[in-house]
Amino acid sequence: MLRSTARPLLNSTINARPSCREYHLIKHGSRPVRPGSLPNRVCSAGMATDCAGWHLLGTPREELRLEHTLPTGQSFRWRETGDDEYIGVIGQRVVQIRQLEDDVAWRIIGRAPQAAEAEDTAVLADYFNLSTPLADLVRTWSASCDHFARIQPYFQGARMLRQDPTETLFQFLCSSNNHISRIHGMVERLCSGWGTRLPLTRSDEYGGPAHHAFPTLDQLAAVSEADLRAAGFGYRARFVTGSVARLRALGGEAWLATLRAGPPDVAVAALCTLPGVGPKVAACAALFSLDAHALVPVDVHVLALATRHYLPALRGKALTPALHAQVQAAFVARFGAHAGWAHNTLFISELARYRGRVPGTTRAEEVLLARGSEVAEEVDAGPDACARVVGMDGSDASTGKGGRARRKRKGGAASVASSLVEEQMELAPTTPPQAAA
DNA sequence: ACCGACCCTGTAGC
DNA sequence: AGCTACAGGGTCG
Ligand SMILES: [Mg+2]
């Protein structure tokens with residue numbers, strides 16, 4: 001195994017040459033070295049470390065795959081900095097994280113002074129919800145649902161994160177009737193404009209942009225609607241200032257945290273009293289940050305997959321609160337107390353970025369195949385394939401820099417294909433092609 | 001319960 | 001390449 005044949009250990013924003021010990025920790029094509037000394041169970045976030053600050057999370061691929069967890073719509077706080085490598089902020093820490101063959105490696109590259117190193121491992125374990133055994137849950141879900149059983153092998157390790165409640169609420173306050181790419185920018189400007197900058201602890205190795213904690217409610221209270229409009233928030237500017245004011249009146253972050261202990265419907269009802277927060281955004285905040293593992297944020301895409309597989313009678317109906325409740329109930333009936341987690345795997349299996357990964361599964365693919373589209377040329381990479389099926393040029397569909405499969409024909413299948421290609425981050429179409437025209 | 005307006009802007013489509 | 005037109009992980013009244 002020659003070094004020259006391996007991809008660079010660190011991406012281009014990391015300038016330092018990795019130490020020899022890093023090579024022991026980071027995979028080189030196949031497997032990490034010194035596996036015998038490493039914890040390999042979910043609940044024991046790794047203690048293993050090296051001189052460059054890398055640790056192992058202790059998560060086998062069935063428990064966590066970053067590709068299915070970080071850039072799939074639960075958080076807008078991560079950016080991909082390399083092949084299967086990301087940098088983002090968890091609370092008061094800037095985290096560099098990378099997928100290994102059967103584990104995940106992480107290190108802290110920046111932190112607030114009050115963020116003690118001794119807490120790092122616990123913070124990571126908390127953020128990735130490591131006390132929830134995903135692989136065990138998957139077995140029960142696969143027994144309950146044929147569709148889930150069919151697609152899940154292609155989307156392993158899709159965990160729910162346990163994000164900060166305030167951060168999650170405002171991220172998804174920005175999400176309604178909006179494009180993913182714009183949401184990313186809005187969240188970023190909120191952080192860089194009003195959040196506390198996190199000093200880098202490895203500034204000699206990292207030359208990328210600065211990172212900031214998500215602004216606290218006190219920091220947000222200093223932001224005017226005009227500020228937000230200038231930052232491109234549009235009409236959501238008033239939602240933000242209004243929600244900040246109301247949250248502070250209710251008791252701020254401490255009050256939000258109390259929602260974790262109560263029933264999910266109480267949390268959702270409370271969140272819905274905030275301006276700009278409806279059932280969908282409330283469910284996102286509750287599932288992504290308030291331990292409401294059973295909640296399902298029902299958007300148009302979730303409704304589409306629900307009508308396709310569970311509630312055919314609801315096809316074509318508008319996404320009213322009543323319908324939202326019906327879909328929610330159907331998911332809980334089928335998947336149980338962690339229905340929100342199950343929904344997450346189903347949701348990401350619909351992403352256009354993964355189109356073709358599961359042979360002949362989605363309705364969109366069925367339409368394309370029925371019309372003889374070249375989508376049939378996509379090879380079956382097999383379950384648990386690591387390589388992307390779409391975006392072979394390495395670009396990320398979610399950043400809009402291309403990478404989508406090129407379509408050549410006009411009319412017929414091509415018009416269907418173009419409606420697919422148009423999907424923003426990725427989601428397969430929710431409306432019949434003819435209706436889209 | 002239903003329906004139209006809605007701030008922007010990244011991107012598709014010429 | 002530049003432009004224009006569109007549509008977007010919903011929410012509100
Ligand atoms: Mg509300």
Reckon A:Pro279 touches a base, only the sugar-phosphate, or nothing at all at heavy-atom distances under 4.0 Å? sugar-phosphate

Give the rounded distance in Å between these two atoms: CZ of A:Arg238 and C1' of B:dC8. 15 Å

For residues A:Phe155 and A:Tyr354, establish whether the separation of their ring centroids is below 6.0 Å. yes

Picking from C:dG10, B:dC2, B:dC7, the nucleotide nearest the side-chain atoms of A:Thr320 would be B:dC2

Short heteroatom pairs, N/O only, protein and nucleotides 3-6 of chain B, under 3.5 Å:
none

Pair assignment for DNA chain C - dot-bracket with | for other-strand partners, Watson-Crick or G-U under 3.5 Å: .|||||||.||||

Nearest-Å distance for atom pair NE2/P, residues A:His184 and B:dT9: 17 Å

Is A:Pro297 touching bases, backbone alone, or none of the nucleic acid, heavy atoms closer than 4.0 Å? nothing

I need the CZ-P distance between A:Phe233 and B:dC8, as an integer number of Å. 13 Å

Taking NE2 from A:His324 and C1' from C:dT11, how many angstroms apart are they, rounded to a whole number? 12 Å

Is the number of heavy atoms from other residues, nucleotides or ligands under 6.0 Å of A:Glu188 CD greater than 12? no

With the side chain defined as heavy atoms from C-beta on, A:Ala322 is closest, among B:dA1, C:dG10, C:dC12, to B:dA1

May I have the distance from A:Phe172 (atom CZ) to C:dG8 (atom C1'), rounded to whole angstrom? 15 Å

Aromatic centroids of A:Trp78 and A:Tyr86 separated by under 6.0 Å: no

Let me spell it out: for each of A:Cys272 and A:Ser175, pick the nucleotide of DNA chain C with the closest heavy atom. Which residue's pick is nearer the 5' end? A:Ser175

Any salt bridge (Lys or Arg N to Asp or Glu O under 4.0 Å) involving residues 323-333 of chain A? Give me the pairs, sequence neighbours left out, ordered by first then second residue. none

Within the 4.0 Å heavy-atom criterion, would you say A:Val298 contacts the bases, only the backbone, or no part of the nucleic acid? nothing

Between B:dA1 atom P and A:Lys317 atom NZ, what is the distance in whole Å? 10 Å

Roughly how many Å is it from CD in A:Glu188 to C1' in B:dT9, rounded to a whole number? 16 Å

Heavy atoms under 4.0 Å, any strand shown: does A:Arg229 hit a base, just sugar-phosphate, or nothing? sugar-phosphate

Ring centers of A:Tyr310, A:Phe331 separated by less than 6.0 Å: yes

Inspect the surroundings of CZ in A:Arg248 and state if more than 12 heavy atoms from other residues, nucleotides or ligands are less than 6.0 Å away. yes

Counting only side-chain N and O atoms of A:Arg182, is one of them less than 4.0 Å from OP1 or OP2 of C:dG8? no

Output field: ring centroids A:Phe76/A:Phe172 closer than 6.0 Å: yes

One pair to check against side-chain contact (heavy atoms from CB on, under 4.5 Å): A:Val298 and A:Leu319. What are the steps and the verdict? CA-CA 8 Å; A:Val298 184; A:Leu319 187 37; 3.7 Å; yes

Students often mix this up, so state it plainly: with edges at 30° and 60°, are the rings of A:His293 and A:Trp341 parallel, tilted or perpendicular? perpendicular

Need one value for A:Leu173: base, sugar-phosphate or nothing, where a base atom within 4.0 Å counts as base even if backbone is also close, heavy atoms only. nothing

Work out how far the P atom of C:dT4 is from that of B:dC7, and round it to whole angstrom. 23 Å

For A:Phe288 and A:Gly73 the tightest heavy-atom approach is CE1-O, 4.2 Å

Round to the nearest Å and state the distance from A:Ile183 atom CD1 to B:dT9 atom P. 14 Å

